[in-house]
Each structure stands twice: as C-alpha cells, then as structure tokens.
Amino acid sequence: MSELPKTFDPAEIEQRWYAHWESTGQFRPDRPGAEPWTIVNPPPNVTGSLHIGHALDNTLQDILARHARLQGKDALWVVGTDHAGIATQMVVERQLNERQDKRTNYTREQFVEKVWTWKEESGGEITQQLRRLGCSMDWANERFTMDEGFSKAVLKVFVDLHKEGLIYRDKRLVNWDPGLGTAISDLEVETREIKGSFWHLRYPLADGSGFIEVATTRPETMLADMAVAVNAADERYTHLVGKHVKLPITGRLIPIITDDHADPELGSGAVKITPGHDFNDFEVGKRAGIAAGAMLNMLDAKAQVVQVADPTGLIPDAFLGLTTAEARKAVVAQLKADGFLIPHIDKDGTEHDAEPRTIQTPYGDRSGVVIEPWLTDQWYVDAATLAKPAIEAVRSGAIQIVPKTWEKTYFNWMENIQPWCVSRQLWWGHRIPAWFAEDGSSYVAMTEAEAQAQAGEGVALTQDPDVLDTWFSSALWPFATMGWPDEGTTPPVRFERSREACAGGDRCLDFARHER
C-alpha cells in the first residue's frame with residue numbers, strides 16, 4: 001500500500017482525475033434512447049484567457065450538465081472557440097512586427113496559413129483553463145468557428161439571407177478604424193473625454209450679402225461640407241433658406257437647408273453638414289435628398305486627406321495627404337488668415353482661436369486610434385426585419401424577460417435597431433461568398449463555380465476581399481455545432497427532440513437557451 005502524501009495537493013489530484021474522465025469518455029453523450037439534454041457554451045475567443053466571469057458562468061453550466069447526467073439524460077455540453085477575426089489577426093501581425101516583418105509581405109493565403117499555425121500552437125490556452133476548471137465538456141467534439149463544417153453553415157446562411165433580400169450591399173457611414181484598416185461595430189468603439197475646442201466660422205453668402213455663422217469641433221471636415229442647416233422654426237434664418245454660401249478654402253457653393261437637427265438654442269442655430277463624415281449629418285443629407293453615392297469623402301483608409309469628387313470645389317493640393325490632426329491645424333490657420341475664423345473671447349477679455357470644450361471622442365478599443373465615420377460600401381443585414389419576430393415573441397408572452405422591467409429596454413433596442421454591417425476588411429475570417437464582374441455586377445453563391453454559372457461563360461469574376469464579422473458566424477453556434485445544415489433539418493434533430501421532451505413543462509433549460 002502506497003504511503004499517503006503528507007500534504008494535500010489539489011492541483012495534482014484534479015489534473016490526474018480530469019485526464020482520466022476525459023480519456024474514458026465520461027463527458028460524452030452516449031446514452032441511446034435517453035432523453036437528450038443540450039447546453040451550448042458561448043464560444044470564447046481563441047486568443048483569450050478566462051476571467052472571473054467565465055469561471056462563474058462555466059461553473060453554473062457545469063452544475064446543470066452534471067445534474068442532467070445524474071437524472072439519466074443524454075447530456076451534451078458543446079465546447080469550442082471563436083476565431084476572433086480582428087483579435088487573432090492582430091496577434092499574428094504583432095508577432096510579424098517583432099521580427100521586422102509585416103502581413104503585406106505575404107499573399108493572403110500565406111498569411112492565413114500563418115494564422116492557422118499560430119492557432120494550432122498557441123490558441124489553446126482557454127481550453128486548457130476550462131479543463132483546469134473541471135468543466136465536463138464534450139472535448140471529443142470540440143468545435144471551431146473556422147472549421148470546415150461550421151464554415152459551410154456560415155456560407156449557407158449568407159447566401160440564403162441574400163436570396164431573401166435580408167443581406168444587401170450598401171454605401172453608408174461606418175465606424176472606420178484607420179489603425180486596423182477595417183470597419184468595426186459600435187461595441188468595439190470606446191468613447192473617451194478629450195480636451196478639445198469649439199471653433200466658430202463665418203461662411204460667406206454666395207450673393208455677397210453677408211455671412212452665416214457655424215460652429216464645429218472638427219473644422220477639417222469643412223473641406224467636404226455639402227450644406228448648412230437651420231431649423232425651419234428659426235425666424236433668424238427664414239430669409240436665407242434656399243440661398244447658397246461659398247465655402248471657404250474650396251470655393252464650393254453649398255445650399256442653406258432646413259432640418260430639425262439644427263437646434264436654435266445651440267450655438268448660432270446653424271450647423272455645417274458633412275454627410276460623408278458624420279453620422280447625424282449623413283441622415284440630414286439623406287433627408288435633403290443627397291444620395292449616398294453623391295456624398296463627398298475627403299479621407300482615405302488611413303484617415304489622410306484625399307481629393308473630393310466635386311470639380312466645382314476641389315481641395316487645394318497643400319491639404320492633400322495630411323492626417324486629420326494635421327489638416328485641422330492647416331484648415332484653422334487658413335480660415336484665420338482669410339478672416340473666416342471668429343475668435344473666442346474668454347472672461348478676462350483674452351482672445352483665442354477657439355472655445356475650450358470637453359469632447360466625447362470615439363477610439364478603437366483594440367487599436368487605440370481615433371475612429372472616423374467613413375463612407376464606404378459594405379454588406380448589411382436587414383436587422384429591423386429580422387427583429388420583428390423577436391419583438392412579437394416577447395409581446396405575445398412566448399418568451400418572457402426576467403425581470404419584466406427590462407422589457408422597455410428590450411423594445412427600445414429592438415424597435416430602433418439599425419442595419420448590421422457584417423463585412424470586415426481583414427484577411428482572417430470567413431471570406432464573403434460574393435463575386436464581382438468588371439461592370440460592378442455581383443453574384444452571391446456557395447462556390448465560385450455557382451457564381452460563374454450565374455454570371456455566364458466568359459465573364460471574369462473577382463471574389464470580394466472582405467470577410468464576415470465574427471459575430472455573424474458565432475450567432476450560428478447553437479446550430480452549426482450540431483451538424484446543421486448537413487442533417488437537413490432546422491433546427492437540428494437534437495433540438496427538435498429536446499423541444500418534444502420539454503412540452504408542457506418548464507424544465508427545458510437547454511432548449512430555452514437555444515431559442516434565445
């Protein structure tokens with residue numbers, strides 16, 4: 001008989017027994033004929049590591065899974081990781097930079113292969129932590145959002161939604177991260193309070209009869225202004241509506257329009273409108289009848305000044321190639337020199353170029369650079385249409401929100417939901433299954449061969465270089481991990497059996513999770 005150790009070493013005991021349980025298939029759902037019970041672990045980022053929230057959430061899931069097994073159910077706890085498009089590409093690019101190398105030194109295929117290599121060698125930290133936590137997951141069927149079967153599901157959903165008109169391509173403003181060179185979601189933007197300035201500008205009326213005053217925190221964007229807006233109820237400007245101003249620096253003639261966005265109580269009551277570089281101005285521009293394709297864009301993907309597509313009011317060469325920070329200084333200096341800058345007088349009578357303000361400024365949560373509203377072509381999901389069944393489910397009582405007081409927040413969010421931008425300008429991720437012809441026509445299909453069949457013989461096609469937002473694929477996690485669409489059912493058979501087993505009772509936590 002071996003001697004008992006003098007000290008208790010939980011780490012050694014836990015690791016030994018967990019390895020035994022996993023190797024002997026203790027966590028596998030292998031009870032034919034038993035009532036199925038399924039819970040799907042939200043896929044953590046392959047780049048990540050567990051925090052205390054993960055520990056709590058996974059502990060609760062583990063309790064439920066083990067309890068289901070004790071009840072004799074065929075319990076499956078699905079486990080896997082998310083490919084985390086931006087985060088993973090950043091990790092690999094950072095490693096290349098450390099070796100004085102960069103992504104663009106490789107073809108797209110070569111770089112993606114490097115990401116796969118990193119994933120195999122270093123992307124398993126979080127799964128090892130889940131094992132150390134003691135989670136009784138089905139490791140024999142560990143999934144990854146970029147594995148072959150899962151990718152097939154992602155492509156099918158994109159193609160199907162496109163056929164139904166629920167996915168479309170559109171030119172709109174996005175949160176553009178100049179550091180990463182891609183569009184990002186609102187959730188990936190963090191707002192910081194920055195000490196900034198509020199500049200007051202004179203825009204001369206084109207007929208020479210005077211000026212109209214506007215104020216802005218971003219004077220550099222005036223290079224792409226397309227209108228000045230006043231409130232229709234503001235009697236100070238009634239006689240000016242319909243007239244034009246001659247934009248300083250560029251000389252472009254822009255109209256004075258009415259819009260409720262202009263607040264008579266704020267500043268002068270007149271606001272400059274730059275629909276290509278401000279989300280509010282974009283909506284004002286649309287209401288004024290300016291098509292998105294006609295909105296002026298004065299920045300490139302690196303947030304440097306480029307020429308606008310309006311020969312009647314071109315940006316002077318001296319401003320081209322400047323960063324937004326450099327352009328701001330140059331524009332203010334030019335406006336001051338030309339007499340279009342209205343100085344701010346502080347309390348002691350000192351004159352300044354601008355009024356000091358604390359500005360809410362958007363930053364990329366990963367890149368740390370200022371986010372630019374940027375006009376570009378992207379793929380969108382018609383979220384408003386897809387939200388309707390979810391809204392009705394709560395209104396009818398089919399799904400209950402607990403506590404009920406949160407229903408108001410739910411409805412406010414769902415009823416005001418915006419189109420979901422699902423394209424990202426990355427190399428790592430699910431490539432968008434769309435091909436373009438030279439005339440701009442697009443063909444969406446599961447394969448290039450199917451797209452070619454749509455386009456016809458002899459039509460040269462080029463696949464869209466963008467990839468899908470990571471959340472587009474992870475939203476399919478409960479279904480694609482179960483083998484859909486290969487099983488030919490929606491939802492998968494296991495879920496249907498769970499629905500039947502739960503009929504008439506409230507004990508079906510697993511299916512309730514999937515329904516959400």
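Residue numbers run from 1 in the order of the sequence given. The model shown is predicted, which means the values in this text are computed figures rather than measured ones.
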Full working for side chain to side chain contact (heavy atoms under 4.5 Å, CB included) between Glu326 and Glu220: CA-CA 9 Å; Glu326 293 168 341; Glu220 70 281 5; over 6 Å; no
Enter the distance from [X]:[atom1] to [Y]:[atom2] here, rounded to the nearest 0.5 Å.
{"X": "Asn58", "Y": "Asp62", "atom1": "CG", "atom2": "CG", "value": "8.0 Å"}
{"X": "Ile194", "Y": "Thr358", "atom1": "CD1", "atom2": "OG1", "value": "9.5 Å"}
{"X": "Arg31", "Y": "Lys73", "atom1": "CZ", "atom2": "NZ", "value": "11.0 Å"}
{"X": "Thr481", "Y": "Leu76", "atom1": "OG1", "atom2": "CG", "value": "8.0 Å"}
{"X": "Tyr363", "Y": "Ile371", "atom1": "OH", "atom2": "CD1", "value": "10.0 Å"}
{"X": "Glu190", "Y": "Thr361", "atom1": "CD", "atom2": "OG1", "value": "11.5 Å"}

Parallel, tilted or perpendicular: which one describes the rings of Phe27 and Trp21, with boundaries at 30° and 60°? perpendicular
Check whether any side-chain heavy atom of [X] sits under 4.5 Å from a side-chain heavy atom of [Y], and report yes or no.
{"X": "Lys163", "Y": "Val444", "value": "no"}
{"X": "Val115", "Y": "Trp427", "value": "no"}
{"X": "Val157", "Y": "Phe479", "value": "no"}
{"X": "Asp317", "Y": "Leu320", "value": "yes"}
{"X": "Thr470", "Y": "Thr145", "value": "no"}
{"X": "Phe411", "Y": "Ile401", "value": "no"}
{"X": "Gln378", "Y": "Val422", "value": "no"}
{"X": "Trp379", "Y": "His162", "value": "yes"}

What residues form a side-chain hydrogen bond (donor to acceptor under 3.5 Å, both in side chains) with Ser367, not counting sequence neighbours? Asp177
Short question: side chain of [X], backbone of [Y] - any donor-acceptor pair under 3.5 Å?
{"X": "Asn97", "Y": "Glu93", "answer": "yes"}
{"X": "Ser23", "Y": "His20", "answer": "yes"}
{"X": "Arg424", "Y": "Gly429", "answer": "no"}
{"X": "Asn45", "Y": "Thr81", "answer": "no"}
{"X": "Gln452", "Y": "Gly456", "answer": "yes"}
{"X": "Asn416", "Y": "Asn412", "answer": "yes"}
{"X": "Arg431", "Y": "Asp464", "answer": "yes"}

Closest non-hydrogen atom pair between [X] and [Y], with its separation:
{"X": "Ser49", "Y": "Gln129", "answer": "CA-OE1, 3.3 Å"}
{"X": "Ser474", "Y": "Asp82", "answer": "CB-OD2, 3.1 Å"}
{"X": "Val154", "Y": "Leu468", "answer": "CG1-CD1, 3.6 Å"}
{"X": "Lys102", "Y": "Leu96", "answer": "C-CD1, 4.0 Å"}
{"X": "Leu173", "Y": "Phe282", "answer": "CD1-CB, 3.5 Å"}
{"X": "Asp365", "Y": "Leu187", "answer": "OD2-O, 4.1 Å"}

Can the ring centroids of Trp477 and Phe150 be said to lie less than 6.0 angstrom from one another?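 When the ring centroids of Trp477 and Phe150 are compared, they turn out to be within the sub-6.0 Å range.
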Do the two ring centres, one from Tyr18 and one from Trp139, sit under 6.0 Å apart? no
Candidate pair Lys119 and Thr88, rule side chain to side chain contact (heavy atoms under 4.5 Å, CB included), full reasoning: CA-CA 9 Å; Lys119 188 262 181 185; Thr88 304; over 6 Å; no
Residues, nucleotides or ligands: over 12 heavy atoms within 6.0 Å of [X] [atom1]:
{"X": "Gln128", "atom1": "CD", "result": "yes"}
{"X": "Leu60", "atom1": "CG", "result": "yes"}
{"X": "Trp17", "atom1": "CH2", "result": "no"}
{"X": "Lys171", "atom1": "NZ", "result": "yes"}

Option passing salt bridge (Lys or Arg N to Asp or Glu O under 4.0 Å) with Lys272 (candidates Asp225, Asp278, Asp281):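 Single pass found, and it is Asp225.
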Think Arg172 forms a cation-pi with Tyr380, using NZ or CZ under 6.0 Å from the six-ring centre and within 45 degrees of its axis?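 Yes, Arg172 and Tyr380 form such a contact.
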Please list, chain by chain and in numerical order, all residues satisfying side chain to side chain contact (heavy atoms under 4.5 Å, CB included) with Thr405, sequence neighbours excluded.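 Thr405 satisfies side chain to side chain contact (heavy atoms under 4.5 Å, CB included) with Pro403 only.
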Residue pair Gln89, Arg103: steps toward the side chain to side chain contact (heavy atoms under 4.5 Å, CB included) verdict: CA-CA 9 Å; Gln89 181 161 319; Arg103 169 173 56 94; 3.4 Å; yes
Salt-bridge contact Glu392-Arg395 (side-chain N to carboxylate O under 4.0 Å):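 No salt bridge links Glu392 with Arg395.
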Test log, rule side chain to side chain donor-acceptor pair (under 3.5 Å), inputs Ser185 and Glu188: CA-CA 5 Å; Ser185 76; Glu188 294 166 307; 3.3 Å; yes
Going through the checks in order, is the side chain to side chain donor-acceptor pair (under 3.5 Å) test met by Gln61 and Trp77? CA-CA 8 Å; Gln61 292 180 61; Trp77 188 3; 3.1 Å; yes
Across all chains, not counting sequence neighbours, the ring pair (Phe, Tyr, Trp, His ring centres under 6.0 Å) partners of His430 are His83
Side-chain H-bond candidate by donor/acceptor type, Ser151 with Glu148, under 3.5 Å: no
Could you verify whether a donor N or O on one side chain and an acceptor N or O on the other, from Arg218 and Thr274, lie under 3.5 Å apart?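 No, no side-chain donor-acceptor contact under 3.5 Å.
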For Val305 and Met298, what are the C-alpha separation, side-chain angles and deciding distance, and is it a side chain to side chain contact (heavy atoms under 4.5 Å, CB included)? CA-CA 6 Å; Val305 179; Met298 57 166 280; 4.0 Å; yes
